[in-house]
Amino acid sequence: MGQLVLSARIRGEATTRCEFAMTVNGSPVTPTAVVLDQSIFTIPDASAQIEIQANSFEPVKYGTVTARLEVDAFGSIQTVFLPDNWEPLTVLPSLLGPTAVMVVHFSPLRDATEQARLSLERTGPDFPGAPPPGDMSFRTPPMPLPPATYSPLPQATDTSFVASPAVGDHAIKVESRTVTPFGDLLVLRLPGVGAPQLVAVYWPGAVPRGPGAPPAPFLVFFRPTMAQNVPDGFFTNVLDRHDPMTNDTYPWGFDYQFFGLLRPLRYMGDPLLEDPFPKGLPYQIQASGRNVVLVLPLPRVGAEPCAEITSFADAVFLQEYLEEIQAFMFRRAGNFSFGPVGRVGMGSFSSGHALLSCFLTQPANQTHPLLLDTLQEVWLFDPHADKAEVTGEALAHVAAWAVRGSAATKIARLYTQNDPGHLAPLLAQLGVTAGAAPFHAETADGRKSLTSLPQAAWQSVAQQLQGTVPYANSGQVHQVIPALMVTDALRRSGF
C-alpha cells in the first residue's frame, strides 16, 4: 500500500484552514493521520481511481479545489485531472510503497473569461433558466459579437498610433502601424466582493511568469464611471441581461461587458480616423515597447464614484488583489511562488479620475506602502473635457501623492485639451511650465509632464489623413486622447 500526503497553501503560506476529502474507486476514505498542515491517506498499490477535494474553511472566498489520480495495474500513480491550483504530483519511492505528495494553492480568483464572452451574445438566455428578454439586438456595436475568443487578440492592421515624440512643431504626430498584442487576456472574478467583481487582465508575453520570474509590473486603468450613463439608458436597462435571482445586470449585463470591458480592450476601426471610443489598451502596450500587466476593473453603477469601485479604493485590498493576480498567472506557467508585485502605475480617463482619486485620498491608505512607494506612476487622460476646475481637482490629488513616500522617483503625467493657463498654479507645484498648444512640457528629470492637446490640433491631423471623425467638439477630442496617448505615457514610463 502507498501513501498520499496532501497539504495546502494560502498566499504562499502553509495553512490548516482546510480539510481534504477523498474517494477511492468511488468509496470515501478517511485520513490515516493529520500532522500539522499535512493530511495522510492510504492508497491502493494497483488499479484505483482517486478523487480529491480540498475544502477551504472560507468557502465563499476560496471554495473547493478538486483533482483526480489513477493508480495503474503496476502501481504507478498518475494525474488524470490537475487544475493550475495544484503543484505537480511528486512520487517518492520507499520500502513501504510509493509516497505521493500533492500541494494545493487556494486562490480567491476564478477564470470567468468564457462567461464574459458569452455575455456578449446578441441573443440567448440572460442566465441559465432565466426568462426573456435575452435579445440584445437593440444594442448595435460596430463589430460582430461576441469575439471567437478573448485571447489571442486580433491584429490591428495599418492603424494610427502616436509617433515618438507624440507632439512636435506644434502638431500631433501619428504613424500608421500594424500591431499584434502578444500575450494572454483573461477576465477574472472575485466572489464575495461588491465591486469590482470582475477585472480584465492582459499579461504580455514579454512579462516573465515562469519559475524564477521577478515581481511583475502592473498598470491599473480606471475607465469612466458608470452612473453618468444610466440616464441615457445604459447599464441598468431592463432589457439588458440580468441575473434571474437578483434581477441585477451587474456584472454579466451586455452593457457592462461591452462598454465596461471589451471596448477599452479592443480597437474597432482606426482610433484616430474612424472610431475613437474603443481604447485598444493592449495594443497601446504592445506599440509602446514597454512590458506591463494591465488590470482593468469593471466599475458598478453607484450613488457616488467611490461606491462604484469600493474594494479598489482600499490599499490593503488592492495590494492583496494584485498579488493574487500575479500568483494566478504565475501558476498557469508552472510557477508556484507567491510574493509582492513590482512597480505599479495607475491611469484614468474622464470621470475615471474620480475612481483614481478615491484611492489617492482614502485616509486609511495614506500610510500604506502601496500608495507611498509601490505606486510609482499616475497618468490622467483628459479628466474633464470642458471644465478646467475638475481637471484641477484631479491634478491636486496627484500633486499631493507625488510629494509623499518615494517622491524622488515618482512619475505624474497629465494629457488634456483644457487651456493650460487655467491650471498654472497646480502645474507650478509639479514644476511644469505651459507653452503654446499643442505642446509637451516636462520637468528637467522628465518625471512630471503636461501634454496639451487642443481640438484644433486633432482637427488638423485628422484632416491631413482624411479621417471620418471631424473632431468638431470637445467630446470627440475627449475620446481620442486615451485612445492614442496611453502609448505616449507608456513610452515615457519606468516600466
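- Counting heavy atoms from C-beta on, the side chains of L198 and Q257 come closer than 4.5 Å.
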Exercise. Would V341 and V293 satisfy side chain to side chain contact (heavy atoms under 4.5 Å, CB included), going step by step from the backbone distance to the final call?
Worked result: CA-CA 11 Å; V341 299; V293 178; over 6 Å; no

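- D240 and T249 share no side-chain donor-acceptor pair at under 3.5 Å.
- Taking the six-membered ring where tryptophan is involved, the planes of F234 and F259 are perpendicular, since the angle between them exceeds 60° and thus also 30°.
- Here CG of N418 is found 10.0 Å from NE2 of H478. Values are rounded to the nearest 0.5 Å.
- Across all their heavy atoms, F254 and M136 have their closest contact at CB-CE, 3.2 Å.
- Salt bridge status for R290 with E377: absent, with no side-chain N to carboxylate O gap under 4.0 Å.
- D270 places no side-chain N or O within 3.5 Å of a backbone atom of T159 that could act as its donor or acceptor partner.
- Not one N or O on the side chain of S350 forms a donor-acceptor pair closer than 3.5 Å with the backbone of H384.
- Using a cutoff of 4.0 Å between basic side-chain nitrogens and carboxylate oxygens, R241 and E121 are not scored as salt-bridged.
- For Y283 and F161, the distance between ring centers is not under 6.0 angstrom.
- Using a 4.5 Å heavy-atom cutoff, the side chains of W401 and K410 are in contact.
- For E274 (side chain) and P271 (main-chain N/O), no donor-acceptor pair under 3.5 Å exists by modelled atom type.
- More than 12 heavy-atom neighbours from other residues, nucleotides or ligands sit within 6.0 angstrom of CZ on F317.
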For this session: Please assess N237 against F138 for the test side chain to side chain contact (heavy atoms under 4.5 Å, CB included), listing each intermediate value before the final yes or no.
Result: CA-CA 11 Å; N237 192 312; F138 73 96; 4.1 Å; yes

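- The structure places CZ of R117 at 7.5 Å from OG1 of T149, a figure rounded to the nearest 0.5 Å.
- For the residue pair T64/N55, the side-chain donor-acceptor check at 3.5 Å is satisfied.
- In this structure, F495 and Q376 have side chains that are not in contact, with every pair of non-hydrogen atoms separated by 4.5 Å or more.
- The pair E324-R11 meets the salt-bridge criterion, since a charged nitrogen lies less than 4.0 angstrom from a carboxylate oxygen.
- Note: F235 and Y256 meet the aromatic proximity criterion, with ring centroids under 6.0 Å apart.
- Applying the side-chain hydrogen bond (donor to acceptor under 3.5 Å, both in side chains) test to R404 and every residue at least two apart in sequence or in another chain returns Q366.
- A side-chain donor-acceptor contact under 3.5 Å links Q326 to the backbone of G339.
- Heavy atoms only, all atoms of each residue included: P297 and V199 are closest at CA-CG1, 3.7 Å.
- The aromatic rings of F222 and F312 stand perpendicular to each other, their planes meeting at an angle above 60°, with 30° marking the opposite boundary.
- For residues 202-225, the set of pairs meeting the side chain to side chain donor-acceptor pair (under 3.5 Å) definition, not counting sequence neighbours, comprises D184-R209, T225-S351.
- Distance alone, capped at 3.5 Å, is enough to place a donor-acceptor pair between the K279 side chain and the Q479 backbone.
- With R266 contributing its side chain and P264 its backbone, the two residues share no donor-acceptor pair below 3.5 Å.
- In summary, of the residues considered (L69, V65, T66), a side chain to side chain contact (heavy atoms under 4.5 Å, CB included) with I52 occurs for L69 alone.
- Distance alone, capped at 3.5 Å, is enough to place a donor-acceptor pair between the E304 side chain and the C306 backbone.
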For this session: I would like to know whether L186 and Y150 meet side chain to side chain contact (heavy atoms under 4.5 Å, CB included); could you show each step before the answer?
Result: CA-CA 7 Å; L186 289 84; Y150 257 84; over 6 Å; no

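- Counting heavy atoms from C-beta outward, V344 and L322 have side chains that approach closer than 4.5 Å.
- Distance alone, capped at 3.5 Å, is enough to place a donor-acceptor pair between the R300 side chain and the G194 backbone.
- For the residue pair E58/S56, the side-chain donor-acceptor check at 3.5 Å is not satisfied.
- Residue I77 holds its CD1 atom at 11.0 Å from OG1 of T90, rounded to the nearest 0.5 Å.
- At distances below 3.5 Å, not a single donor-acceptor pair connects side-chain atoms of W252 with backbone N or O atoms of D243.
- In summary, of the residues considered (V398, L356, L219), a side chain to side chain contact (heavy atoms under 4.5 Å, CB included) with W379 occurs for L219 alone.
- In this structure, the side chain of D84 does not engage the main chain of R331 through any donor-acceptor pair within 3.5 Å.
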